[in-house]
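Each residue takes its place number in the sequence, starting with 1.
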Amino acid sequence: MTTAPPAACSVTAPAPPWARRAAHAIALCAVPSGLWRLAMASGVYVGYSDQVLRDVFDIPGWGIAYVVGLAVISELAALFPLLLVSERWQPLRPSTLARLAWTASAVLVVGALWQVVVAFTVESQTDFASGAAQTVWALAFAPLFAIPALMTAVTWSYAKRHRVRAHA
């Protein structure tokens, strides 16, 4: 005697390997900038003069909490795509999660474009004490520019897998 699976148990095609790799890459892309921020908050020289740290970032002071909080929140947000490739844990309905993911992808694209503009303004260029510090900063933050494309690909994969199931 065979029994059918319960109606609440939905079967979805697993995420393709490339989507899993992309979701994990997003989480890893946020690590260098987070480490750079943690170094700045802990007093390691990252290229800013003491005056810039005090006047612009309020370090030492509340700026430490802001910078550490930003590093933690950024890494937690970078873990979100793992929900899109997980078969075990889905906190939201697939349609809601897909809409949220598409919104996040759009915000990431706009944010990345905005950061390119900010990175090349005269104001952002003058705070660093040396060219070497600016190079280290660029290397730490460069991986963040891969996140919008990776997130869009992972979101597309998720939406495609769940759209097929909804129409079946």
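- The aromatic rings of Tyr48 and Phe57 are tilted relative to each other, their planes meeting at an angle between 30° and 60°.
- Pairing each heavy atom of Met151 with each of Ala104, the nearest pair is CE-CB, 4.1 Å.
- Annotation: side chain of Val46 is not in contact with side chain of Val136 (no heavy-atom distance under 4.5 Å).
- Taking all atoms of both residues into account, the shortest heavy-atom contact from Arg161 to Pro14 is CD-O, 3.5 Å.
- Criterion: ILVMFWY side-chain heavy atoms under 4.5 Å apart, direct or through other members. Under it, Phe80 and Leu150 are part of a common hydrophobic cluster.
- Taking all atoms of both residues into account, the shortest heavy-atom contact from Pro148 to Ala112 is CG-CB, 3.7 Å.
- In terms of heavy atoms, Val31 sits closest to Ala27 at CG2-O, 3.6 Å.
- In this structure a side-chain-to-backbone donor-acceptor pair under 3.5 Å is missing from Ser86 to Leu82.
- To the nearest 0.5 Å, atom CZ of residue Phe145 and atom CG of residue Leu108 are 11.5 Å apart.
- Between the side chain of Ser157 and the backbone N or O of Ala153 there is no donor-acceptor pair closer than 3.5 Å.
- Residues Val52 and Leu70 are members of one and the same hydrophobic cluster, defined by side-chain heavy-atom contacts under 4.5 angstrom among Ile, Leu, Val, Met, Phe, Trp and Tyr.
- Criterion: ILVMFWY side-chain heavy atoms under 4.5 Å apart, direct or through other members. Under it, Ile73 and Ile59 are not part of a common hydrophobic cluster.
- The shortest heavy-atom contact between Arg37 and Ser74 is NH1-OG, 3.7 Å.
- Across Val85 and Ala23, no two heavy atoms sit closer than the pair CG2-CB, 3.9 Å.
- Residues Phe141 and Trp137 bring their aromatic ring centres within 6.0 Å.
- Side-chain atoms of Pro81 and Tyr158, non-hydrogen and from C-beta on, never get closer than 4.5 Å to each other.
- Taking hydrophobic clusters as Ile, Leu, Val, Met, Phe, Trp and Tyr residues chained together by side-chain heavy-atom distances below 4.5 Å, Val109 does not share a cluster with Ile26.
- Rounded to the nearest 0.5 angstrom, Ile147 CD1 and Thr152 OG1 are separated by 11.5 Å.
- Contact check for Val117 versus Leu113: no side-chain heavy atoms found under the 4.5 Å cut-off.
- If you chain together hydrophobic residues whose side chains sit under 4.5 Å apart, Ile64 and Tyr66 fall into the same group.
- Rounding to the nearest 0.5 Å gives a distance of 9.5 Å between NE2 of His24 and CG of Leu79.
- The CG atom of Leu144 lies 4.0 Å from the OG atom of Ser33; values are rounded to the nearest 0.5 Å.
- Here Leu28 contributes atom CG and Glu75 contributes atom CD; the two are 8.0 Å apart, rounded to the nearest 0.5 Å.
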